[in-house]
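Report on the following structure.
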Amino acid sequence: IIAQKKAQDSVTYEPAIVSFTEENLAILGSLKEAIDEGQISLDYQPKVYLASGTVHGAEALIRWNHPVRGPLPPEAFMPRVEQSTLVQVITEFALEQAIAQMALWHQDGMEIPVAVNISTRNLLQPRFAEQVAGLLDHYHLNGKSLELEITEGALMMDMERTIEELLRMTELDIIISIDDFGTGYSSLQYLHRLPISLIKIDQSFVRRLPGDKGAVSIVEAAVMLAHQMGIKVIAEGVENPAIYRFLKEIGCDLAQGFLLSRPLPAEAFATWYRKCSGTFAVPAE
Ligand code: C2E
Ligand code: MG
Ligand code: MG
Ligand code: MG
């Protein structure tokens, strides 16, 4: 029995995708412990309707306050985590935390949905949809309060099973969005087959607005295409009023970025939200 338990607890890695340096392995090895010891937390960043400034929801972003290395950005560990079965542990943690936080906020009258980043590996995991449904049930929340963000490139791992699992999510009314849109390579080919409500245009394009003609064309085309398919568009990485105004002008639906707020710990986020009464003051023309 102990051996069986050990086998379940053990973490399997996909070989040859990335080279695991000793340092990386050490970091991954301490991740489960880090969760138990409260080193892992979520920050929240608002998403805002461009037209009105109304807050649409918040994205939960993982943070690791490492006792020796200090605060680690997700880039320092998530790429490795996503290539191992550890991603199930992280996603479970993020979902539980975000949903529990949202339940508290809703009780306090701050009724906004929360978005959690998940990996394709999660979608291919048996009974993932049931797990999510169970969590929502436990906290008496509807599926439509939860948004799941899936990175574009990641969608390509196993298209058919991914679509199947996404459909199961949408049956629960969960909102699905494609993250980092424009950084994958076959978006147009599969976009119409995915049951998604939102695309998030990658910051690499948004940052270059409104001066860069190439970025302008790409963002305008993405907005037009998405709207024709009944999909809403959010721009990530909105850092200044000029970008905000440009996006509003071309009819992009939502914005997220440092201009509105940096990602904040839950309490600071609630303070930010109350201070602006749930509506961001749109920069003047
Ligand atoms: P993402 O989901 O595309 O998240 C957006 C990233 O852009 C966040 O970085 C956010 O802090 C940053 N950002 C937001 N506004 C601006 C801006 O105006 N300017 C700039 N320069 N950056 C901005 P962060 O928090 O470092 O997260 C990086 C990535 O790590 C995320 O990209 C996501 O792919 C991944 N990640 C974060 N949390 C989780 C998680 O719980 N699970 C999984 N699987 N991945 C996560
Ligand atoms: Mg995201
Ligand atoms: Mg993104
Ligand atoms: Mg990203």
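In each ligand, atom 1 is the first atom listed, and ligand 1 is the first ligand listed. Computed from a predicted structure; not experimentally measured.
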Assess, by modelled atom type and distance only, whether the side chains of His227 and Asp253 contain a donor and an acceptor separated by less than 3.5 Å.
yes
Taking the side chain as C-beta and beyond, is there a heavy-atom pair between Met102 and Leu141 under 4.5 Å?
yes
Once rounded to 10°, what is the value of the angle centred on the Mg ion (ligand 3) between Asp179 OD1 and Asp180 OD1?
90°
If you compare all heavy atoms of Ala235 against all heavy atoms of Leu247, which two are closest, and at what distance to 0.1 Å?
CB-CD1, 3.5 Å
Using a 4.0 Å heavy-atom threshold (strictly under), name the region of Gln45 that reaches ligand 1: side chain, backbone, both or neither.
side chain
Ile201 vs Ile234 side-chain heavy atoms within contact, under 4.5 Å:
no
Answer yes or no for Asn117: is there an N/O/S atom below the 2.8 Å cut-off from the Mg ion (ligand 2)?
yes
Of all the atoms in ligand 1, which lie at a distance below 4.0 Å from a heavy atom belonging to Glu59?
2 (O), 4 (O)
Any N/O pair Thr151/ligand 1 closer than 3.5 Å:
no
Applying side-chain contact (heavy atoms from CB on, under 4.5 Å) between Ile150 and each of Asn117, Asp179, Ile178, Ile176, report the one that passes.
Ile176
Do Phe181 and Leu191 touch side chain to side chain, with heavy atoms closer than 4.5 Å?
yes
Relative to atom 1 (P) of ligand 1, which among Asp179, Thr183, Leu259 owns the nearest non-hydrogen atom?
Asp179
Tell me the contacting part of Val238 for ligand 1: side chain, backbone, both, or neither, using a 4.0 Å heavy-atom threshold, strictly below.
backbone
Check each of Gln203, Arg121, Gln256 against atom 6 (C) of ligand 1 and report the one with the nearest heavy atom.
Gln203
Are any of the N/O atoms in Pro73 less than 3.5 Å from those in ligand 1?
no
Mind checking whether Arg63 contacts ligand 1 via backbone (N, CA, C, O), side chain (CB onward), both or neither, at a 4.0 Å heavy-atom cut-off?
side chain
